[in-house]
Enquirer: 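Encoded as C-alpha cells, here's the structure I'll be asking about.
Worth knowing before you read on, the calculation uses all heavy atoms, side chains too, and leaves out hydrogens, waters and symmetry mates.
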Amino acid sequence: MDRFLTKPKNGAPSSRASWTSMSSQIAPEVQRETNISLLSNMNKVFDLKSFEPDPKERMPISDYGPNIRDEVRRYYINKGTCQPIGHVFPKTKIGSKMRQFSPTWFRGPYSQWLEYSIKGDAAFCLCCYLFNNELESCGNAGDAFTKDGFRGWNKGVERFKAHVGEVNSIHHKCFNRMLDFKNQRQSIQSSFDK
C-alpha cells in the first residue's frame with residue numbers, strides 16, 4: 001500500500017489531511033487506472049446498442065449518470081414508442097372473461113405515448129418513463145405506467161384516461177417535455193441546415 005501513497009510533507013498526521021490533499025498523495029499510476037476504469041464504466045452505460053426497446057426491460061432514467069440522461073432521452077424519443085405490429089397479444093383471464101391488450105389503443109389519443117412490452121405483457125407510458133423522475137416534485141405518474149406496467153385490460157381505456165388526467169397532470173407535464181425535446185432537436189437541425 002505504501003508504494004501507492006506518497007508520504008505527507010512536513011509531518012502532518014493523515015487524519016488531519018483533507019480529501020483534496022489526500023488525492024494529491026495517491027500515486028499517478030493509480031489515478032490513471034481509476035480514471036480509465038471510470039471512463040470505461042461510463043461508456044458501458046452509454047452504449048446505445050445495450051438500450052432495451054422493450055419497456056419492461058429498460059433501466060430507469062434515474063439510474064443513468066446525470067450527464068447522459070438527456071442523450072438517453074433523445075435516443076428513446078428518436079426511436080419512438082414500442083408498439084409491436086402483428087404481435088399476437090396473449091389473453092389473460094380477468095374475472096370470468098378472457099381479456100387482452102387491444103392494438104387499436106395504439107391509434108388515436110394514446111398513439112404518441114402508449115407502449116407495449118411483449119416480455120411483460122403490459123402497457124407503459126414513454127413520456128412518463130423519460131421525464132417522471134425529473135418532475136417528481138410536481139407529482140408522480142405512478143409505477144403502473146413507468147416501472148411495473150399496466151395489465152388491467154378490462155379497464156384499459158378508463159385507466160389510460162385516468163393516467164393522462166387533467167391538463168396540469170404529471171403525464172401532461174412529461175408529455176410536454178417530450179414534445180419540447182423533439183422540437184428542440186428539430187430547431188437545432190434546421191439551424192444547422194440554414
Side-chain angles (χ1 to χ4, degrees), residues 34-87 101 103-151 159-194:
T34 304
N35 290 341
I36 290 169
S37 69
L38 285 174
L39 287 173
S40 66
N41 286 338
M42 187 173 145
N43 289 335
K44 269 186 210 168
V45 173
F46 197 63
D47 180 15
L48 293 177
K49 294 174 188 165
S50 69
F51 288 173
E52 273 293 329
D54 191 287
K56 182 72 175 167
E57 301 295 314
R58 290 180 189 153
M59 187 166 85
I61 292 291
S62 59
D63 287 357
Y64 290 98
N67 295 336
I68 63 170
R69 288 181 189 158
D70 283 349
E71 290 303 317
V72 174
R73 288 179 177 119
R74 276 189 196 89
Y75 173 81
Y76 281 117
I77 288 170
N78 290 334
K79 195 88 167 145
T81 53
C82 180
Q83 298 179 344
I85 298 171
H87 175 68
F101 180 89
T104 60
W105 293 333
F106 288 144
R107 297 188 295 274
Y110 318 118
S111 63
Q112 294 183 329
W113 60 265
L114 183 63
E115 297 190 290
Y116 178 80
S117 166
I118 292 175
K119 293 178 182 176
D121 182 31
F124 289 85
C125 176
L126 177 62
C127 58
C128 290
Y129 162 73
L130 295 174
F131 296 103
N132 186 37
N133 70 311
E134 184 180 284
L135 301 170
E136 279 179 346
S137 62
C138 304
N140 194 331
D143 290 343
F145 287 94
T146 56
K147 196 185 296 183
D148 304 328
F150 170 74
R151 300 190 70 218
R159 285 296 305 277
F160 297 157
K161 286 179 182 177
H163 171 72
V164 169
E166 299 296 322
V167 176
N168 62 348
S169 72
I170 188 71
H171 170 84
H172 279 286
K173 290 175 183 174
C174 292
F175 186 75
N176 289 333
R177 287 283 290 136
M178 187 171 80
L179 292 179
D180 289 346
F181 253 66
K182 279 183 182 179
N183 294 336
Q184 176 188 27
R185 181 75 177 157
Q186 289 170 352
S187 67
I188 291 171
Q189 186 62 44
S190 65
S191 296
F192 280 133
D193 292 342
K194 288 178 184 175

Enquirer: Would you say the side chain of F145 lies within less than 4.5 Å of the side chain of R159, judging by non-hydrogen atoms?
Expert: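 Yes - at least one pair of side-chain heavy atoms lies under 4.5 Å apart.
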
Enquirer: Less than 6.0 angstrom separating the ring centers of F131 and F181, yes or no?
Expert: yes

Enquirer: Using modelled atom types only, decide if a donor and an acceptor are shared between the side chain of N78 and the backbone of R74 within a distance under 3.5 Å.
Expert: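 Side chain of N78 to backbone of R74, a donor-acceptor pair under 3.5 Å: yes, one is there.
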
Enquirer: Looking at every heavy atom in both I77 and L130, which two are closest together, and how far apart are they?
Expert: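 It is CG1-CD1, 3.5 Å.
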
Enquirer: If every non-hydrogen atom of G80 is compared with every non-hydrogen atom of E115, which pair is closest and at what distance?
Expert: O-OE2, 4.2 Å

Enquirer: Please round to the nearest 0.5 Å and tell me the distance separating atom CZ of F150 and atom CG of D121.
Expert: 11.5 Å

Enquirer: According to ring-ring contact (aromatic ring centres under 6.0 Å, His included), who are the partners of H172, at least two apart in sequence or on a separate chain?
Expert: none

Enquirer: For S169 and H163: C-alpha separation, side-chain torsions, deciding distance, then whether side chain to side chain contact (heavy atoms under 4.5 Å, CB included) applies.
Expert: CA-CA 9 Å; S169 72; H163 171 72; over 6 Å; no

Enquirer: Please evaluate residues K173 and N176 with respect to the criterion side chain to side chain contact (heavy atoms under 4.5 Å, CB included), reporting the C-alpha separation (whole Å), side-chain torsions for both, the decisive distance (0.1 Å), and the verdict.
Expert: CA-CA 5 Å; K173 290 175 183 174; N176 289 333; 5.7 Å; no

Enquirer: Does Y64 offer a backbone N or O that forms a donor-acceptor pair with the side chain of R69 under 3.5 Å?
Expert: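 Indeed, once roles are kept as given, a pair shorter than 3.5 Å links the two residues.
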
Enquirer: Quick one: list whatever passes ring-ring contact (aromatic ring centres under 6.0 Å, His included) with F124, sequence neighbours left out.
Expert: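 For F124 there are no ring-ring contact (aromatic ring centres under 6.0 Å, His included) partners, ignoring immediate neighbours.
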
Enquirer: State, with a plain yes or no, whether a side-chain heavy atom of E57 is found less than 4.5 Å away from one of K119.
Expert: yes

Enquirer: Mark yes or no: R58 above the aromatic ring of Y76, with NZ or CZ under 6.0 Å from the six-membered ring centre and no more than 45 degrees from the axis.
Expert: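 That pair qualifies as a cation-pi contact.
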
Enquirer: Taking side chain as C-beta onward, heavy atoms only, is H171 less than 4.5 Å from C125?
Expert: yes

Enquirer: Give a yes or no on whether the ring-centroid distance for F101 and F106 is below 6.0 angstrom.
Expert: yes

Enquirer: Heavy atoms only: give me the nearest Q83-S111 pair and the separation to one decimal.
Expert: NE2-O, 3.0 Å

Enquirer: Nearest 0.5 Å, what's the OH-OG1 distance between Y129 and T81?
Expert: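 Output value for this atom pair is 14.0 Å.
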
Enquirer: Nearest 0.5 Å, what's the CZ-OG distance between R151 and S117?
Expert: 9.5 Å

Enquirer: Is there a donor in the side chain of T146 and an acceptor in the side chain of N132, or the other way round, less than 3.5 Å apart?
Expert: no

Enquirer: Tell me which one of F160, W113, Y110 satisfies ring pair (Phe, Tyr, Trp, His ring centres under 6.0 Å) with W105.
Expert: F160

Enquirer: Identify the two heavy atoms, one from Y116 and one from H87, that lie closest to each other, and give their separation to 0.1 Å.
Expert: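 Smallest interatomic distance, heavy atoms only, reads CE2-CD2, 3.9 Å.
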
Enquirer: Indicate yes or no for a side-chain donor-acceptor contact from D54 to the backbone of I118 under 3.5 Å, with no hydrogens or angles considered.
Expert: yes

Enquirer: Taking the side chain as C-beta and beyond, is there a heavy-atom pair between Q112 and C127 under 4.5 Å?
Expert: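 They are not in side-chain contact.
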
Enquirer: Is the backbone of D148 close enough, under 3.5 Å, to the side chain of K56 for a donor and an acceptor to pair up by distance?
Expert: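 Here the side-chain-to-backbone pair exists.
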
